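Structure, as structure tokens:
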Amino acid sequence: MATTPDPSPTRPRTRGPLAVLVAVPLIVAFALWAFAWPAARTAPHDLPLGVAGPPAAVEQLTDQLHQHKGAFEVHRYDDEASARQAVRDREVYGAVVATASGPKMLTASAAGPVVAQLLTQVATRAAPEGTRARTEDVAPAPAADPRGAALSASVLPLALAGVAAGGLTVLLRLRGTPGVAALLGASALVGLAAAALADSWLGILTGNWWAEAAAFGLTVLAVSSTVAGLGTLLGAKGIGLGALLSVLLGNPWSGVSSAPEMLPEPLGVLGQLLPPGAGGTLLRGVGFFDGRAVDTPVLVLTVWAVLGLAAVTLGGLRAGRPESRQPDARRAPAVDRVPAG
């Protein structure tokens, strides 16, 4: 009797190439969208900017800034000293001070060289004809990294280190207390190594060394615990989801190369709610501004870390239950033995 060949073995051979042909272009398109869109649409969106001086002059400067629709969020200050302190406290990225000889722009390249350059251009346009715009950098970037390129480049390695630590924790089946200990230990060591490289060797950070090490470590812990927690709950798909949030979205949306307010909306806000963006803001705060305005990024990173560690702990509790270690009787029915003879 002739048998009909089963066509099922040929299906994987067809589905495999089709999956590659469809998945790879979609992934590339998604990555290009995530990275290229913010870079191509870099412009100020409600960028906090101070204005100080006599009321009449302040009103005139405010009207000039409002001509850039949606570009600046204007904060008014009584005098230059107040505006200068606001820049140093990271309330604003810069301030225009009305003086008898014309407007003076206070910038802070440590808060973002791209923003400082933009504000310098604004001051040049606002200067009366025939006069030269005056600018003063009240919080300069370190001489070792005047353009902020090295600091911007440090965010991606932190995200990758977190993904690697979290992924290894899942693959090695470290759950519960061993998993939490591994994540905490790896993050602390990465923080110390990163501070030694960025501060002691390269000099791209100039703040308190231990605060910088803690910022590095907390950023890695937020990423690694998120990846490990998702991986513990969802398996390999969870690791991929954690990498997606931290690398493909978190890195380009961090705003560390310019400023969150320079990204198209709402990417600036969303990026600060992800570990790389919060970590970059925290590093600027402890590295250049003596820890000012770091409450929000510390809170964001702590929430990610706590939720991820809780998921890893929950995975350990589930693995420790007796029913999880014993085979299910319903799935493995007993086989009756027939005595010999």
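Every value quoted in this text rests on a predicted model; they were computed, and no experiment measured them.
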Are [X] and [Y] connected, step by step, through hydrophobic side chains (Ile, Leu, Val, Met, Phe, Trp, Tyr) whose heavy atoms are closer than 4.5 Å?
X    : Y    : value
L49  : V114 : yes
L249 : V163 : no
V87  : V97  : yes
L151 : L197 : yes
V170 : V247 : yes

Could you tell me if the side chain of F288 sits less than 4.5 Å from the side chain of P142, heavy atoms only?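 Counting from C-beta outward, P142 and F288 do come under 4.5 Å.
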So, R76 side chain and E59 main chain: donor-acceptor pair closer than 3.5 Å or not?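 No, R76 side chain to E59 backbone: no donor-acceptor pair under 3.5 Å.
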Sidechain-backbone polar pair: T206 side chain, G287 backbone, donor-acceptor under 3.5 Å: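 Such a contact is found between T206 side chain and G287 backbone.
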Nearest heavy-atom pair of [X] and [Y]: which atoms, and what distance?
X    : Y    : value
P54  : A98  : CD-O, 3.9 Å
G229 : A311 : CA-CB, 3.6 Å
S258 : V115 : O-CG2, 4.0 Å
V227 : G166 : CG1-C, 3.9 Å
A153 : P157 : O-CD, 2.8 Å
R84  : V138 : NH1-CG1, 3.3 Å

Out of curiosity, [X] [atom1] to [Y] [atom2], how far, rounded to the nearest 0.5 Å?
X    : Y    : atom1 : atom2 : answer
L118 : M262 : CG    : CE    : 5.0 Å
L245 : L230 : CG    : CG    : 7.0 Å
Y77  : E91  : OH    : CD    : 4.5 Å
Q85  : D79  : CD    : CG    : 11.0 Å
L314 : R175 : CG    : CZ    : 10.0 Å
L119 : T135 : CG    : OG1   : 10.0 Å

Please evaluate residues F216 and L158 with respect to the criterion side chain to side chain contact (heavy atoms under 4.5 Å, CB included), reporting the C-alpha separation (whole Å), side-chain torsions for both, the decisive distance (0.1 Å), and the verdict. CA-CA 8 Å; F216 279 119; L158 292 179; 3.5 Å; yes
Ring pair (Phe, Tyr, Trp, His ring centres under 6.0 Å): which pairs involve residues 154-182, sequence neighbours left out?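 For residues 154-182: none.
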Tell me, which pairs form a ring pair (Phe, Tyr, Trp, His ring centres under 6.0 Å) where one or both residues lie in residues 184-205, sequence neighbours left out?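 Applying ring pair (Phe, Tyr, Trp, His ring centres under 6.0 Å) to every pair that reaches into residues 184-205, excluding sequence neighbours, yields nothing.
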Would you indicate whether Q117, at its atom CD, is surrounded by more than 12 heavy atoms from other residues, nucleotides or ligands within a distance under 6.0 Å?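 No.
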Please table the atom pairs, donor to acceptor, closer than 3.5 Å between any side-chain atom in residues 265-275 and protein atoms at least two apart or in another chain.
{"from": "Q272", "atom 1": "OE1", "to": "T281", "atom 2": "OG1", "distance (Å)": "2.6"}
{"from": "Q272", "atom 1": "NE2", "to": "S254", "atom 2": "O", "distance (Å)": "3.0"}

Side chain to side chain donor-acceptor pair (under 3.5 Å): pairs with one or both residues in residues 42-55, sequence neighbours excluded: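 For residues 42-55: none.
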Which pairs pass side chain to side chain donor-acceptor pair (under 3.5 Å) with one or both residues in residues 217-246, sequence neighbours excluded?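 Matches after skipping sequence neighbours: none remain.
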So which residues get pulled into W209's cluster when ILVMFWY side chains under 4.5 Å apart are joined, directly or through others?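 Same cluster as W209: L192, W210.
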If the condition is side-chain hydrogen bond (donor to acceptor under 3.5 Å, both in side chains), which residues does T120 pass it with, not counting sequence neighbours?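 Residues passing side-chain hydrogen bond (donor to acceptor under 3.5 Å, both in side chains) with T120: none at all.
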Table please: side-chain donor-acceptor pairs of residues 23-34 below 3.5 Å, with sequence neighbours left out.
none

Donor-acceptor pairs under 3.5 angstrom involving side-chain atoms of residues 103-112: please list them, not counting sequence neighbours.
{"from": "K104", "atom 1": "NZ", "to": "E80", "atom 2": "OE2", "distance (Å)": "3.1"}
{"from": "K104", "atom 1": "NZ", "to": "E136", "atom 2": "OE1", "distance (Å)": "3.1"}
{"from": "S109", "atom 1": "OG", "to": "D137", "atom 2": "OD2", "distance (Å)": "2.5"}
{"from": "S109", "atom 1": "OG", "to": "A141", "atom 2": "N", "distance (Å)": "2.7"}

Side chain to side chain contact (heavy atoms under 4.5 Å, CB included) with A182: which residues, sequence neighbours excluded?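 If we apply the side chain to side chain contact (heavy atoms under 4.5 Å, CB included) test to A182, skipping adjacent residues, the hits are L174.
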Using atom types as modelled, flag every donor-acceptor pair under 3.5 Å from a side chain in residues 292-300 to any protein atom, sequence neighbours excluded.
{"from": "R292", "atom 1": "NE", "to": "D89", "atom 2": "OD1", "distance (Å)": "2.9"}
{"from": "R292", "atom 1": "NH1", "to": "F289", "atom 2": "O", "distance (Å)": "3.2"}

Under 3.5 Å, which donor-acceptor pairs link side chains of residues 62-73 to any protein atom two or more places apart or in another chain?
{"from": "T62", "atom 1": "OG1", "to": "V58", "atom 2": "O", "distance (Å)": "2.7"}
{"from": "E73", "atom 1": "OE2", "to": "H75", "atom 2": "NE2", "distance (Å)": "2.8"}

